[in-house]
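The figures here come from the full heavy-atom set of this structure, side chains too, leaving out hydrogens, waters and symmetry mates. Just follow the structure's listing: the first ligand is 1, and inside any ligand the first atom is 1.
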Amino acid sequence: MLDTNIISNPPVRTRIAPSPTGDPHVGTAYIALFNRCFAHQHGGQFILRIEDTDKKRSTERSEKDILDSLRWLGLQWDEGPGCEGEFGPYRQSERSHIYKSHINQLLAKDCAFPCFCTAGRLNSLRKEQMEQKQQTGYDGKCLSFTKEEAESKISAGESYVIRIKIPAEGECEFEDKLRGPVNISWSQVDMQVLVKSDGLPTYHFANVVDDHLMKISHVIRGEEWINSTPKHLLLYSYFDWEVPEFYHMPLLRNPDKSKLSKRKNPTSIGYYQAMGYLPQALVNYLGMMGWSMPSGEEKFSQQEMIENFNIARVSLGGPIFDIEKLDWLNGKYIREDLDDDAFRKLFSEWAFNDEKVRQIVPLIKQRVERFSDVAKIGSFFVSGELDLNVVDFANKNLDTDAELKILQYSLWELEALKQWDREAIESCLLKLCALMELKIRDFLVPLFVSISGNVVSTSVIESIFILKLDITRARIRKGIEVLGGISKKRAKLMEKEYRAFS
Ligand code: GLU
């Protein structure tokens with residue numbers, strides 16, 4: 001018998017659209033998991049699109065890390081980079097011509113307008129609006145130009161952006177499939193820039209054009225995008241396109257209910273991999289964020305999640321990403337699912353994979369007389385959190401405040417690196433040491449102790465390189481904590497000072 005449901009309903013196509021501007025975030029994996037489950041439950045496709053229109057902040061390293069992390073977690077996409085389908089390219093930087101032709105359509109329909117306002121004018125407008133406690137946003141100055149006036153400014157070479165026109169009154173009403181009707185007054189919606197002065201589209205424009213052209217049927221994304229949805233819907237209506245269904249998922253939260261942030265919890269997927277979590281346990285844990293199996297069973301595979309998935313059962317109370325609970329679940333997986341042989345294989349690959357051992361050997365070889373000395377100086381390469389002793393930080397030339405600064409500033413330097421290589425690590429730390437007017441020996445002590453947990457160890461720069469940023473960050477944080485921590489107020493002052501000389 002023919003399944004009329006399949007014939008009448010368009011295929012289900014969902015997507016995640018990460019911007020490659022930082023470490024792969026557990027929040028991205030969480031949204032990817034729900035999109036993948038929803039699509040596969042309906043026999044549809046899950047698409048990965050790279051939103052790299054922010055040229056300054058997007059990096060190849062970040063894109064590669066995102067793709068590797070999703071693959072590691074078993075969140076493979078059906079279409080996307082490396083898995084081309086008929087709706088590619090799947091990287092927005094390769095789709096400029098598409099956005100160009102679409103913005104021309106909007107200009108021709110008078111749904112968008114060029115804006116010539118300078119950054120200076122926009123800043124003072126914003127300041128004024130804030131002083132008068134008004135809502136901030138563009139005031140529509142350039143709407144007054146006639147088409148001819150605007151064209152002559154453009155041909156005279158004036159710099160401009162293109163903004164969307166917003167209805168003067170009324171409100172946008174839409175249905176969020178998880179929350180019900182949402183109403184947002186048009187007066188709250190800014191005349192969003194669609195195309196920047198460099199000719200590249202902004203997120204809002206490229207995202208809608210691509211969702212339409214890639215035939216995305218269900219947009220399942222984080223709740224931080226709810227307030228942007230009216231602009232997106234307006235674009236759909238200007239183009240006269242069919243609107244997908246919107247589901248805004250609750251954001252992951254720290255145990256104190258604040259939005260999950262790397263200041264309070266490791267958020268990078270790479271951290272969990274480097275700490276030796278099992279990918280299936282992490283995915284299972286993410287599946288428990290706002291959702292549960294109808295049976296109440298807490299341990300389930302992604303396949304079981306797909307088979308039992310019902311997006312209507314997503315609960316909106318902010319799910320807490322609690323590492324203790326994840327540890328419990330991961331331990332359960334290790335005990336219940338890994339026989340000794342599987343454990344041996346996975347553990348040796350994690351701890352002693354060729355790449356890592358090859359990097360560690362030359363560092364350790366010069367410092368040992370017997371193999372039995374190796375564990376003492378090298379165990380920190382295969383450990384997670386270290387037990388640090390405050391006495392190990394003692395240095396007659398540095399007080400605690402100076403040591404805290406060294407740790408915090410070094411972390412900021414390392415986090416800003418675009419390329420993770422020895423030379424880059426060395427040069428940023430040496431530059432910092434010189435700027436802080438410290439002797440290199442003194443400068444390296446707090447780093448050395450935090451990274452290795454020891455007062456004698458292998459080269460700190462080499463060690464940081466091998467341990468990579470996620471573990472380095474966690475260890476520097478622990479060092480800061482052991483030295484008494486940095487209050488919010490102090491952190492603000494430090495940041496100011498750091499920005500002033502870095
Ligand atoms: N590029 C956006 C992000 O980085 C995508 C948001 C969306 O799913 O619409 O989160």
When you measure from the centre of the six-membered ring of Tyr247, is the NZ or CZ of Lys177 closer than 6.0 Å and no more than 45° off the axis?
no
Contact residues of ligand 1 with a heavy-atom cut-off of under 4.0 Å?
Arg15, Ala17, Ser19, Glu51, Tyr203, Asn207, Arg221, Trp225
Check: Gln92 main-chain N/O paired with Asp52 side-chain donor or acceptor under 3.5 Å:
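Yes.
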Kindly write out the residues that satisfy side chain to side chain contact (heavy atoms under 4.5 Å, CB included) with Arg477, not counting sequence neighbours, or none if the list is empty.
Leu411, Glu415, Arg473
Aromatic centroids of Tyr30 and Phe321 separated by under 6.0 Å
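Ring centres of Tyr30 and Phe321 not closer than 6.0 Å.
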Got a sec, which residues hit side chain to side chain donor-acceptor pair (under 3.5 Å) with Trp186, two or more places apart in sequence or on another chain?
none
For residues 306-331, which residue pairs qualify under salt bridge (Lys or Arg N to Asp or Glu O under 4.0 Å), counting only residues two or more places apart or in two chains?
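Listed by first then second residue: Glu298-Lys325.
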